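These notes are about the structure you will find just below.
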Amino acid sequence: MKRIGILTSGGDAPGMNAAIRAVVRAALQRGLEVIGIFNGFEGLIEGSFKELNASAVGNIIQRGGTILKSSRSERFKSEEGRQIAYEQLKKNGIDAVVAIGGDGTFKGATVFNQRYGFPFIGIPATIDNDLFGTDYTIGYDTAVNTAVNLIDKLRDTADALGRLFFVEVMGRDVGTIALAAGLAAGAEDIFVPEIKTDLEEISQKLKNSRPKESYIIVVAEGDDEGGVIKIADRFQKMHPEYDIKTLVLGHLQRGGSPTANDRILASRLGVAAVDAILSGNFNVMAGMHNNKIIYTPLRLAVKHFLSINEEWKQLMYLLSY
Ligand code: F6P
């Protein structure tokens, strides 16, 4: 191993830059050259490469987004696109690639490796925290904190005018952000894809709760009842007595400076990825379990559909009645 590539792919997550910095600096310290691959797998196909030195990753640990840019590459899904990518890697003398991303990134890397035997190392970064092989993904802690900060602001105005807000957070397939943000922001309820939403049940719950100035219901974007606009419409028809408003937090949750937790996680996983390369432990994802580094085969590090943490949910109800 002499020369490694590094790319970020899929939805960006705060802390990706901290992971890039860790990989680049650890690799350089250990005698490897590092080539930055821009725009994820798309850049791999286009040969968008640039050598990175220690200064190239200076002053980025605190920045959101990704200096390497990202993409959801359609071309990399085709045999033809992958063939070009392979030729680019050979032409540029790249021996292994560190791929920072989520489920789609690792699936792409696995298919590529199965066809060309080219080694990849994965680093989990997605705000959704829905990957098998790590307790936390890079970006999740920041996204939850961003959502909580915004919901806190919403509570001020909801309380002033006695309103009920349905606020939508990200999570196409999972309610991980909704649950954590709901508990931390003292929400009255959460709607998540893992649990069938029953608007009658929430009506009952609100009626049984003590009289309140405001209500906040956090809805994950993948909830089975649809988005907040649809839910609010239905609920307003059932309950004309509530003054209902909606808010979609959307991509705001993906931006911003990463929390200290995300920076530390990214630094540890970045170095662990370089360790894996140097010990020939290829096609694995470096993850964190019980505060220890673990490695999971990339092909298994896919979406993890956990049931919602019941204890946290009950805690939210107990404390927000
Ligand atoms: O996977 C991260 C995520 O932010 C999901 O929560 C969300 O559903 C999706 O990406 C949105 O993707 P895009 O930015 O491509 O619309």
Side-chain angles (χ1 to χ4, degrees), residues 7-19 39-43 64-66 68-77 99-110 122-151 166-182 184 190-195 197 218-231 246-259 262 265-266 269 285 287 298 301-306 308:
L7 58 81
T8 49
S9 158
D12 58 303
M16 277 182 161
N17 281 328
N39 301 321
F41 290 133
E42 203 56 28
T66 157
L68 291 177
K69 312 297 176 193
S70 190
S71 65
R72 297 193 193 276
S73 174
E74 280 307 312
R75 280 205 287 170
F76 197 72
K77 290 186 184 152
I100 305 173
D103 175 73
T105 307
F106 302 150
K107 278 189 184 139
T110 300
I123 297 182
T126 160
I127 64 165
D128 291 342
N129 198 31
D130 59 351
L131 290 180
F132 183 79
T134 191
D135 295 343
Y136 293 102
T137 54
I138 296 165
Y140 169 68
D141 188 59
T142 307
V144 169
N145 276 286
T146 299
V148 169
N149 284 332
L150 294 168
I151 297 170
F166 288 100
V167 51
E168 188 173 306
V169 297
M170 273 191 167
R172 197 168 24 201
D173 305 307
V174 290
T176 44
I177 296 177
L179 176 64
I190 52 161
F191 293 173
V192 291
E194 293 87 340
I195 303 169
T197 297
V218 180
V219 180
E221 75 181 298
D223 185 67
D224 55 284
E225 272 291 325
V228 284
I229 311 266
K230 212 170 131 201
I231 291 176
T246 60
L247 178 70
V248 178
L249 298 186
H251 290 80
L252 283 176
Q253 294 158 95
R254 286 234 295 259
S257 184
T259 59
D262 271 331
L265 178 66
L269 295 183
M285 180 193 83
L298 263 191
V302 288
K303 258 197 204 300
H304 196 199
F305 294 101
L306 281 173
I308 276 291

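Atoms within a ligand are numbered from 1 in the order they appear, just like the ligands themselves. Predicted model, so just to flag it, every value in this text is computed and none were measured.
A salt bridge between E225 and K230 is absent, with no side-chain N of the basic residue lying under 4.0 Å from a carboxylate O of the acidic one.
When only modelled atom types and interatomic distance are considered, N129 and T176 share no side-chain donor-acceptor pair under 3.5 Å. No hydrogens or angles considered: nothing links the side chains of N145 and T259 as a donor-acceptor pair under 3.5 Å.
Heavy atoms of other residues, nucleotides or ligands lying less than 6.0 angstrom from NZ of K69 number 12 at most.
The distance from atom CG of L7 to atom CE of M16, rounded to the nearest 0.5 Å, is 9.5 Å. Considering OH of Y136 and CG of L131, their distance stands at 14.0 Å, rounded to 0.5 Å.
A heavy-atom cutoff of 4.0 Å around ligand 1 is satisfied by the protein residues R72, T126, I127, D128, M170, G171, R172, E221, H251, R254.
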